[in-house]
Peer 1: 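Have a look at this one before I ask anything.
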Amino acid sequence: MNAPKKGMKWANWSRNVKATPDYYHFPKSASDIQDVVNSCRIRGVSLRVTGAAHSFSPIAKPESDAMSLDNLRGLISYDSEAMEARLWGGTYLHEAAPMLAAIGMGFENMGDIQEQTIAGAVSTGTHGTGIALGSLSSQVVAWTWVDGKGEIQHHRRSQDELSKALSLSLGMLGVLLDVTIKTIPLYSLQMMSYRSTVGEALAEWSSGIHDNRHFEWFYFPGTDTVQVKKTNITPLHKQTLQSKTVEFMKNGLIENAGFKVISELCRVKPSMSRMLTTISAKSVPNGSKRGMYYEVFPSPRLVKFTETEYAIPLHTFEACIEEVHNFLRAHPFYVHFPIECRVAAGDNAFLSPTQGEKTVFLAFHMYKGMDAEPYFKWVHKLMEKYNGRPHFGKVNDLTNEKMQKLYPNLQRFMEIRQQYDPNRVFMTNYLQSIFRI
């Protein structure tokens, strides 16, 4: 194992959460991880695996010791007949998808960011969109982890309680060494994007979510504009280098550069936010994109922001988005980022924000450097009305009292956590404030 680094600074992607852990560990093997866990247990300090730092909440914030799984990446093994692939926990999603493609396999679904490690993504319930599709956590069929006693554990998914705890564990049961993913045959996607009014978009909402494999909205706050995206499977097609270059120049550079200019104008003069949002809404292109699924799902994120995201029951969405629309037209916040609306099947994990129900996720963003507190405070309050559960990796106002109300199996999860980490190696002050042991 590389020698731990002392005094190494850490920050998440948006840099709204920062830390300077006492030691930063870079293990190269399972035994290395065991040594670190045992050291932390003996010293009575906490350990957090920091992943790719793509969470906006302090969920991955290290307080004493930090760990990176950057040396534990890649495909371990696969079973073509069972369509299962075993991957090291430190593997980044943008690495994993091409690895699986090389053996004719694919993730059933992905989100629109692919920079996370697979351990971090499955531990926090990272999701994409699709009414019949669950989160990345739901695709895991087996876990290998080092628990708080320094012991290597392996578990195969079934309908048991340990599976429901492991499926979305927030790293509280141990260091996720590797996961086995249930894959599907490699596929390509065609994405269609177009501009719509709120009324028109609502009229086709129900058919849209059921008639398309993937369906999502980007609602421009306070305007009457929605960008609608419909994505479906198409015959295998890999983007050429030329098409990738054109796509990168158009979406990765030109559109992001333009949005960066708009964002900076909003930051310098927040009162311009509504006007600039209207300009952005009018520039939504009608177009399409085709390629391998991992070429279509991700979108470049070159303009930094903070984010809060909530899961609400599917049947409440129309009422919720109409209330959001009406309020933001009359009471504009200084916000210009579109509100992203995605659908998902229910997961049975104890800590899943879906709690087994078909769900809509609404994601609210604020440009880095702008005051997000008034906007997010309104979101937190509004989502209570719709029984919203926040994504753990996004900005939230969770308390233990709210956790008890929102998660009926919380106590059982904590009992399982106690079994695998009796010395609280993986508990931080932030986690303690939410879970209150």
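For clarity, every value in this text was computed on a predicted model and none was experimentally measured. This chain uses plain numbering: 1 for the first residue, then up along the sequence.
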Peer 1: Calculate, to the nearest 0.5 Å, the distance between atoms CZ and CG belonging to F107 and L133 respectively.
Peer 2: 14.0 Å
Peer 1: Could you walk me through whether M67 and I33 pass side chain to side chain contact (heavy atoms under 4.5 Å, CB included), step by step?
Peer 2: CA-CA 9 Å; M67 178 181 286; I33 295 175; 4.2 Å; yes
Peer 1: Got a donor-acceptor contact below 3.5 angstrom from the N409 side chain to the R412 backbone?
Peer 2: no
Peer 1: Less than 6.0 angstrom separating the ring centers of Y310 and H380, yes or no?
Peer 2: yes
Peer 1: Less than 4.5 Å apart, side chain to side chain, heavy atoms only: is that true for M191 and H214?
Peer 2: no
Peer 1: Carefully, step by step, assess E84 and R156 under the rule salt bridge (Lys or Arg N to Asp or Glu O under 4.0 Å).
Peer 2: CA-CA 12 Å; E84 294 180 0; R156 179 94 183 170; 2.5 Å; yes
Peer 1: Do you know which two heavy atoms are closest between V228 and A201, and how far apart they sit?
Peer 2: CG2-CB, 4.4 Å
Peer 1: Check the pair H336, S273 against side-chain hydrogen bond (donor to acceptor under 3.5 Å, both in side chains), reporting the backbone distance first and the verdict last.
Peer 2: CA-CA 6 Å; H336 63 284; S273 297; 4.9 Å; no
Peer 1: Is the F413-Y407 ring centre distance short of 6.0 angstrom?
Peer 2: no
Peer 1: With distance as the sole test, does S163 use its side chain to make a donor-acceptor pair with the main-chain N or O of E161 at under 3.5 Å?
Peer 2: no
Peer 1: Are D211 and K230 within salt-bridge range, i.e. N to O under 4.0 Å?
Peer 2: no
Peer 1: With the side chain counted from C-beta on, respond yes when M192 and K229 share a heavy-atom pair under 4.5 Å apart, and no when they do not.
Peer 2: no
Peer 1: How many angstroms lie between atom CZ of F392 and atom OG1 of T126, to the nearest 0.5 angstrom?
Peer 2: 13.0 Å
Peer 1: Carefully, step by step, assess D421 and R417 under the rule salt bridge (Lys or Arg N to Asp or Glu O under 4.0 Å).
Peer 2: CA-CA 6 Å; D421 184 23; R417 188 220 65 81; 3.5 Å; yes
Peer 1: Between S123 and L170, is any pair of side-chain heavy atoms under 4.5 Å apart?
Peer 2: no
Peer 1: Is there a side-chain hydrogen bond (donor to acceptor under 3.5 Å, both in side chains) between D147 and Q153 once you walk through the steps?
Peer 2: CA-CA 7 Å; D147 69 15; Q153 304 284 349; 3.0 Å; yes
Peer 1: What's the spacing between K358 NZ and L314 CG if we round to 0.5 Å?
Peer 2: 7.5 Å
Peer 1: Take atom NZ in K377; do more than 12 heavy atoms of anything else shown fall under 6.0 Å from it?
Peer 2: no
Peer 1: Answer yes or no: is there a donor N or O on one side and an acceptor on the other, between the side chain of S55 and the main chain of S57, under 3.5 Å?
Peer 2: no
Peer 1: Using modelled atom types and a 3.5 Å cut-off, is there a donor and acceptor pairing between side-chain atoms of D178 and backbone atoms of R86?
Peer 2: no
Peer 1: Would you find a donor on one side and an acceptor on the other, under 3.5 Å apart, between the side chain of N232 and the backbone of R213?
Peer 2: yes
Peer 1: Run S193 and Q227 through side-chain hydrogen bond (donor to acceptor under 3.5 Å, both in side chains) and show every step you take.
Peer 2: CA-CA 7 Å; S193 171; Q227 180 184 12; 2.8 Å; yes
Peer 1: If every non-hydrogen atom of D32 is compared with every non-hydrogen atom of K28, which pair is closest and at what distance?
Peer 2: OD2-N, 2.9 Å
Peer 1: Would you say that R48 contacts K61 through its side chain, given a criterion of any heavy-atom pair below 4.5 Å between the two side chains?
Peer 2: no
Peer 1: For the pair Y187 and Y293, name the ring-plane relationship: parallel under 30°, tilted 30 to 60°, perpendicular over 60°.
Peer 2: parallel
Peer 1: Would you mind reporting whether C341 and I321 have side-chain heavy atoms less than 4.5 Å apart?
Peer 2: yes
Peer 1: So do the side chains of E323 and K385 get within less than 4.5 Å of each other, counting heavy atoms only?
Peer 2: yes
Peer 1: Has T50 got a side-chain atom pairing as donor or acceptor with S68's backbone, closer than 3.5 angstrom?
Peer 2: no
Peer 1: How close do M414 and F435 get, heavy atom to heavy atom, and via which atoms?
Peer 2: SD-CD2, 3.5 Å
Peer 1: For atom OH of Y23, decide whether the heavy atoms of other residues, nucleotides or ligands shown that lie under 6.0 angstrom number more than 12.
Peer 2: no
Peer 1: Please report the shortest heavy-atom distance between M83 and M105, naming the atom on each side.
Peer 2: CE-CG, 3.8 Å
Peer 1: On the 0 to 90° scale, with breaks at 30° and 60°, tag the H127-F361 ring pair as parallel, tilted or perpendicular.
Peer 2: parallel
Peer 1: Only one of F259, F364, W13, Y367 passes ring-ring contact (aromatic ring centres under 6.0 Å, His included) with F305; say which it is.
Peer 2: W13
Peer 1: Any non-hydrogen side-chain atom of D65 less than 4.5 Å from a side-chain atom of P62?
Peer 2: no
Peer 1: Supply the atom-to-atom distance K6 NZ to D22 CG, rounded to the nearest 0.5 angstrom.
Peer 2: 8.0 Å
Peer 1: Working note: T117 + T91, criterion side chain to side chain contact (heavy atoms under 4.5 Å, CB included); need CA distance, chi angles, decisive distance, verdict.
Peer 2: CA-CA 5 Å; T117 64; T91 311; over 6 Å; no
Peer 1: Can R389 and S352 be counted as having a side-chain donor-acceptor contact under 3.5 angstrom?
Peer 2: no
Peer 1: Please check if the side chain of N423 supplies one atom and the backbone of V425 the other of a donor-acceptor pair under 3.5 Å.
Peer 2: no
Peer 1: Quick check: does any side chain N or O of D347 sit under 3.5 Å from a backbone N or O of G134, one acting as donor and the other as acceptor?
Peer 2: no
Peer 1: Please determine whether side-chain hydrogen bond (donor to acceptor under 3.5 Å, both in side chains) holds for the pair S39 and R43, giving the CA-CA distance in whole Å, both sets of side-chain angles, and the decisive distance to 0.1 Å.
Peer 2: CA-CA 6 Å; S39 171; R43 289 183 287 131; 3.0 Å; yes
Peer 1: Parallel, tilted or perpendicular: which describes the rings of F26 and Y24, with under 30° parallel and over 60° perpendicular?
Peer 2: parallel
Peer 1: Could you check whether any side-chain N or O of E309 sits under 3.5 Å from a backbone N or O of V395, counting only pairs where one atom can act as donor and the other as acceptor?
Peer 2: no
Peer 1: Over 60° means perpendicular and under 30° means parallel, so tell me whether Y375 and F333 are parallel, tilted or perpendicular.
Peer 2: tilted
Peer 1: Which label fits Y219 and H325: parallel for a plane angle under 30°, tilted from 30 to 60°, or perpendicular past 60°?
Peer 2: perpendicular
Peer 1: Any side-chain donor-acceptor pair under 3.5 Å between D160 and H155?
Peer 2: yes
Peer 1: Within a 6.0 Å radius of atom NZ on K304, are there more than 12 heavy atoms belonging to other residues, nucleotides or ligands?
Peer 2: yes
Peer 1: Answer yes or no: is there a donor N or O on one side and an acceptor on the other, between the side chain of Q139 and the main chain of E108, under 3.5 Å?
Peer 2: yes
Peer 1: Determine whether F215 and R342 make a side-chain contact, defined as any pair of heavy atoms from C-beta on separated by less than 4.5 Å.
Peer 2: no
Peer 1: Let me confirm one number: the CG-CE distance from L431 to M172, rounded to the nearest 0.5 Å.
Peer 2: 5.5 Å
Peer 1: Checking salt bridge (Lys or Arg N to Asp or Glu O under 4.0 Å) for the pair E384/K402: CA distance, chi angles, key distance, verdict?
Peer 2: CA-CA 10 Å; E384 289 181 7; K402 291 182 178 181; 3.4 Å; yes
Peer 1: Out of curiosity, D79 CG to T183 OG1, how far, rounded to the nearest 0.5 Å?
Peer 2: 9.5 Å
